[in-house]
Amino acid sequence: MANQQIFLLALLWVVFWGAIGSLFTPRIYSRKDLDISRATLGGALVGAALGPIGLIPLWIYTPRFTNRIYAAASIIVLGILILAFARAYPDNLCVSDGGFVASQVTNGIVIGLIYSLMALGLTLIYSILGIVSFAHGEFYMVGGMVVYFMSASTLFGRAGAWVWLLGAAVVTFVIGAIFEILFLRPMGEGKIERPKEYAILVTFGLSFFLQYLVQGLAGANPVKAPRFFDFPVIELPNAEDPYLIKTTAGNLRLFDAVSIPNTRFVSAMISVLLLFALLFFLYRTWTGRGLRAVSEDRQAASVAGINPYRMNTLAFALGGMLAGLSGATLVQVFTWLPQVGIPAAARSFVIIVLGGMGSLPGAFVGGIIVGLVEALGAGCVPDPARAAAYIPAYGMIILTLTLLLKPTGLFGREL
Amino acid sequence: MMKRSTLLRIGLPAALAFLLLIAPLWIGGSPYIMHLAITAFYYAILAASWSLLAGYAGQFSFAHMSFMAIGAYAAALYGTYIRITTVATETCREIPFFGRWLVILDPIGISQSSQTNCLDLARQTMPAGSMIIQPSIWWGLLFGVVAGGLFGLLIGALVLRLRSTYLALFTIGFSEILRAVISAEIDITQGQSGLEMAPLFPNGITLFGHSYSASDKIPPYYVMLALFLVIMLILSWVVSSRIGLFIRAIREDQEASAALGVHVVRYKVLVFTITAMMAAAAGVIQGHYIGIITPNILIILQMSLVIAMAVIGGLENIYAAAIGAVILLFGLELLRNSFTIGPVTIDMTTWRLVAFGLVLMITLRFFRNGLISPLIDRVMRRNVARETVALRNAATAAATPTATTAGEGGSDE
Amino acid sequence: MSKQGDMQQELALDVNHLFKNFGGLQVLSDVNFKIRGPELIGLIGPNGAGKTTLTNILDGALKPSGGTVYLNGKRIDTLPPYLVARAGLGRTFQVTRAFRRMTVMENLLVPAMALHATASRREFEEKAREVLDFLTMSHLTNEYGRALSGGQQKLLELGRLLMLDPRIVILDEPFAGVHPRLMEIIYEWIYRVNDEGKAIILISHDMETIFTLSKRLLVLNYGDLIADGDPDVVKDDPLVKAAYLGEDEPAPASPAGPESAKFALPTRQPGQDDSADDEEGRVNA
Amino acid sequence: MSSSKSMRWLITVLVLMLALVISACGAPAAQETVGDAPAAEEAPADAAASSDAAAEEAPAEATEAPAEEASGDAAAAEGDVIKIGALAPLSAPGTVVGGEAMVDAMRIAADEINANGGLLGRPVELVIEDSEGLPERGTAAMEKLINQDQVVAVGGGYHSSVGVAAKEVAHDNGIPVVFAETWNDTITSAMYPEIFRIAPLNSEVTAVDLNWLTSLPYEIGNVVILTENTDYGIPAAQETAAGLEAAGIASETFQTDIGTQDFSAIIDRIRAQNPDFILVLNTGEAGFNFQQQAAEQGIGPQDVPMLCNQDGLESNAYWTNVPDGNLCFLRRVGLPVELYNDVAKSFVERYVELTGKTTAESYALEAYDSIMIIAQAIEEAGSTDPAAIIDALENISYEGALGTITFPVNSKNTPEQAGMDPKWWHQFPDPAITIVQYQEEGQDSLDAPVVFPEIYQTGDLVWVTAE
């Protein structure tokens, strides 16, 4: 259908001018001796938004790229794409069905909150140790496995979700601490050449080890924990009227359009709780302040009497624990396997790169954006044969584009 | 002394190569061992070329398997969709090609109902005696290598500014996108069911009067061995040439290298391109040998195997990486057995990988140059050490006391 | 190494109206100076004066916001660092940047081979051995860079410059953290290179050496070149005194050592601070 | 100056590689002349065609070469064990639930044989290989079984893509394989002499699905097919869609990657289709994930009639992973429990004892039979010579857990002679396929009533309708 070409053309147009903008703007800015750190992304956005109409004045007047320009250009780009999409696929659910879009957005945010928690762990590790843990997905997996086995055991089966979560937290924390002390501490002591590469490889080894250790111990059968809590069954305002909220034990429906499964809702709520707990820890406790001090200025912190090695251990263990907790909540949503951590880890990488490595708000916002993109990608891509098949790629496209256009991410410190 | 070192430098590899050349005399009777050997060479190529990229040039790329897959898929697509006919088919997309016709078949996807191909239609109308030729797979190898090189060039140029962690993440991203594309574009790539690839010698081959069938292991053994040896030759040439010197300097300090006149950009991209081409070549041959290629060769486990092989062998030594790959491959495959201790049956399929992860971590932590590399160094640097001792003695004799003691000669730390 | 006498007439560095600003921050404003022949020039200025920025611009690592730099009539401010190096401008770094996991010999071969596309390795090994003899480091030929002490790494950097054989050399804090005995070798190096007809720009916090060595002094103060001339004259320049020498508060500690040792030979032990410096210098991405 | 140098370098490397290539650039891979012979299959099957040509002379070789090996083997170890290979997915991305069940079943078969005095007076050893659900691993595993472990025949097999790839290795080596659970039609339609199958054909399974759907007394106007992008899922989805279209039923197919975990967006889309029926062709944990998430989002088996993935027959795993999965329909291969013969009954008894499960899944029965039928063939052949085993298999009539297994379309009764599609080559023609439905939470799959076809029916189906 000719209509569909509209969207393709719009996409091509945006990508083409975006590429032109991102390639030439930094050169023009550097020739005029202006700050070029934001020129790649700025040029790309302005080019994508306005094409030559935007680029030519941009290159002539070379304004400073403020966040306002970023925001305006991003909105225009999104607008163009959405309009073209709506023109090209008038029957697509994302165009014709508001309830569907609302549902996708809600689901994206809900799952994004859970992703955020995991990414927070990774970004915490990065901000203190300066490394990315490639074993993050395995902490997530282990967290879920611990919850499953506790829930299935006779000893803890009736203990309830909070105990299971605590168990997952303890196990992942301990694994993280032991590993840090054994394998990462020498790095902090400067005994290791090329510490970053060492860290990549050694955490990679840990990921390998944990994944197959769990498989060896627990087998590779898919498992799943029971629902933590049931919803109370309610219907508001009442059964006769068109309802605003209606719940069953396993589902929550709003306005007869948005449906949130209980397990996801509970996981997201637990994630939010943990998020607040983390913020409290970081900003209101002595140890948390110590952590932040180390991330700001290592030397000054150690002068102030904080043992940076202990902080490293704490940060790595805490980061692993956050991943473990996020797995622990998600094991009631997804079927669990020893390999389940790999896509989750990949998603965390996307989030922290998008949010800015080491930035806590970045991990939070990035998580929600990635959740939204995955939900809308799978929900809106017109071809049902491709929509789901490309799920692993949506996040990775964000990752690569961020690294090319703005390596510091949304909230990273400008270099 | 020079003679001894030359002997070691050339004689040892030559002896090893000769051993590998005549190895089928002993292991030729066991197709399984031959199969492992072929696979081992394949991994050795990947590990050695990755060690050039990561160990020498310091570019920790996780996209190495992607280049391999690009090569293999390029060759597989070429083999699946390209035909040459002597007469125009009129039904297919076709291009005149040196007096013949280059026919591009339609993508068919996975389907059990046998769809009629445009060539089948054409066959009925074509005059008798006209030929349909499936072009040689060796042009497919060329095609794959070029495709791999082009992508290597592209990725190398894109990641110029990215270092360590960022580079690793970017290349993981690229690899995952590629995997998603290959699994999703089923019409062309046949997705998870994989593209079939013709055997290396579809009609068998006659070597020294002995004819081998298409499924015989001896011819692919020699093809893979030849590729392995050629690539090791190129790699040794690269590392001993100015390229090797420069990429190591760049790894150590990019700015300082530039300030000393090294064209950083060129050498970084160059090393990406060269290693990508090598990976692609290995992928093409392995694909033809195995007979099928699926997107699963891109899963992170595969890449981690190559990385672990290079690391355990010795990341900063191409020979160590290659030997490490061979040893580990044999180790991992031969351990694929379960054994029983008393009442407990231990299924080694999983536990060998647990051990593997552990070995990887311990190697990194305590043997940073890998397990093989120090051995090679010990042999190769023996006379260097002697020379160093001599120099140092001379220095002491000349009463020029060194202010601060340096580490020991040829130390690994 | 032959004396390149004819170069003396040829050698000329022209720095014209050099400006540099980072965003809104003016780091260099209208810096002008010329070098004719094998001069030995000191470049001083308080921290943040723009010394390193100036070096980076001359070296090609940074592009100036305005102005030009010519080396022997060839414009170099538009060239990337590796071409500037090949054009004949060499430099060392404030934080030593020896190639730590390459042998001393390999360290020396890098610039030589980068400069000469066709020559063989063996040719340069001879030359490298000479250089090492001169630096009294021949016993370290096969050591890895990381095995050297901080001072030896500085020497190694100087050795690399000999191999690059530039016409003009910028030495950024060559004496920082160097054992006194090794300092003698550096002195010797400077005289020798200077005798060979090369110009040297010496950046140091160590006033004693600057005044001993240099015949001409450039003083940078927050982007302005406030003085250019004979060291003794410059020392008494009221502007300089006000801006720098007479400054009350000591400049922040730098690898050059505490400010109290300003007019004394450094007494710090070699390699004392190297690891910390390294970490800073090697921050990734 | 040096720029040209290293460009030259790059070119040199290229040329070297080129040289390597060109030196080997010989004859085309395959060449076919139109008009002479009845045109063989072309396109991707070119290679296969040429190897087929080779196969014409190969049988002679195939019967000889391995015979030599086998006899050499026998000479080396007279009275030594007879090794039978077992191929199954035992780690992800393979379907581990299925794989482990099959391995247990095959172990029981081997133990049973040994308890009865072994084969030809020799003990039997089962050599298990993990295919990981990956074709390339499958070929390597088959390679190892045949060449390293020297098995005389191979049973098992779960994933179609593995079967498709692994059959080539078996064919090259002339070793018989009895596939237990690989449905893809091409496995048999390649007509390799070594390949037998006791699992149903994909197209037959599809036909059962279609028959069932079209015979139902309910209004079905709109079907959603969820499939994995493998060569089990895609052809099945395509054929089902085509069949539904022929029956005047609209359908929409959603393809997912095998590793898909989060289906929520897809489920919303499916909901918007307002389907009357959902057909799940995803295997393993992806199927579980979909069913449970669909249930949580309100279009689960209790809201919309759903034919679930057959791994659901493994009741423990099913109810752990899909707690809200009651009323799912499941496709089961093999006779219903009531019609179990003695073999099946005694097998189930042992299987329950070994695994602690409440009953045996259909693929466990198939896996058991795949080993037992090989054993019987070896007995009948009186030797472990692969060619003899193949010959015995062609003529076999085996009373197994699945019923009486024969391979009526074989080298003496070729598809051409029988006037049948090549897919029936060495194919067990009537493995019973039934549709069962879980009608109670936590129900065992064998207690679940059979709802189709009528002759096996043991209960009435529960049909949920939207609203």
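Any value given below was found using the heavy atoms of this structure, including those in side chains, with hydrogens, waters and symmetry copies removed. Computed from a predicted model, the values in this text were never measured in an experiment. In what follows, chains are A, B, ... by sequence order, proteins preceding strands, each numbered from 1.
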Looking only at C/Ala61, C/Ala112, C/Ser138, most heavy-atom pairs under 4.5 Å shared with chain B are made by C/Ser138
Does B/Trp50 reach the main-chain N or O of B/Val306 with its side chain, forming a donor-acceptor pair under 3.5 Å? no
Side chain, backbone, both or neither: which part of [X] has a non-hydrogen atom closer than 4.5 Å to chain B?
X	value
C/Val110	both
C/Arg101	both
C/Leu164	side chain

So which heavy atom on B/His64 is nearest to which on B/Ser49, and how close? NE2-OG, 2.8 Å
At their closest point, which heavy atom of B/Val269 faces which heavy atom of B/Thr273, and how far apart are they? O-OG1, 2.7 Å
Under 4.5 Å heavy-atom distance to chain C, tell me which part of B/Ser257 shows up: side chain, backbone, both or neither. both
Is there a side-chain contact between B/Phe272 and B/Ser61 in this structure, where contact means two heavy atoms from C-beta onward sitting under 4.5 Å apart? yes
Distance-only side-chain donor-acceptor flag, C/Asp77 / C/Thr68, under 3.5 Å: no
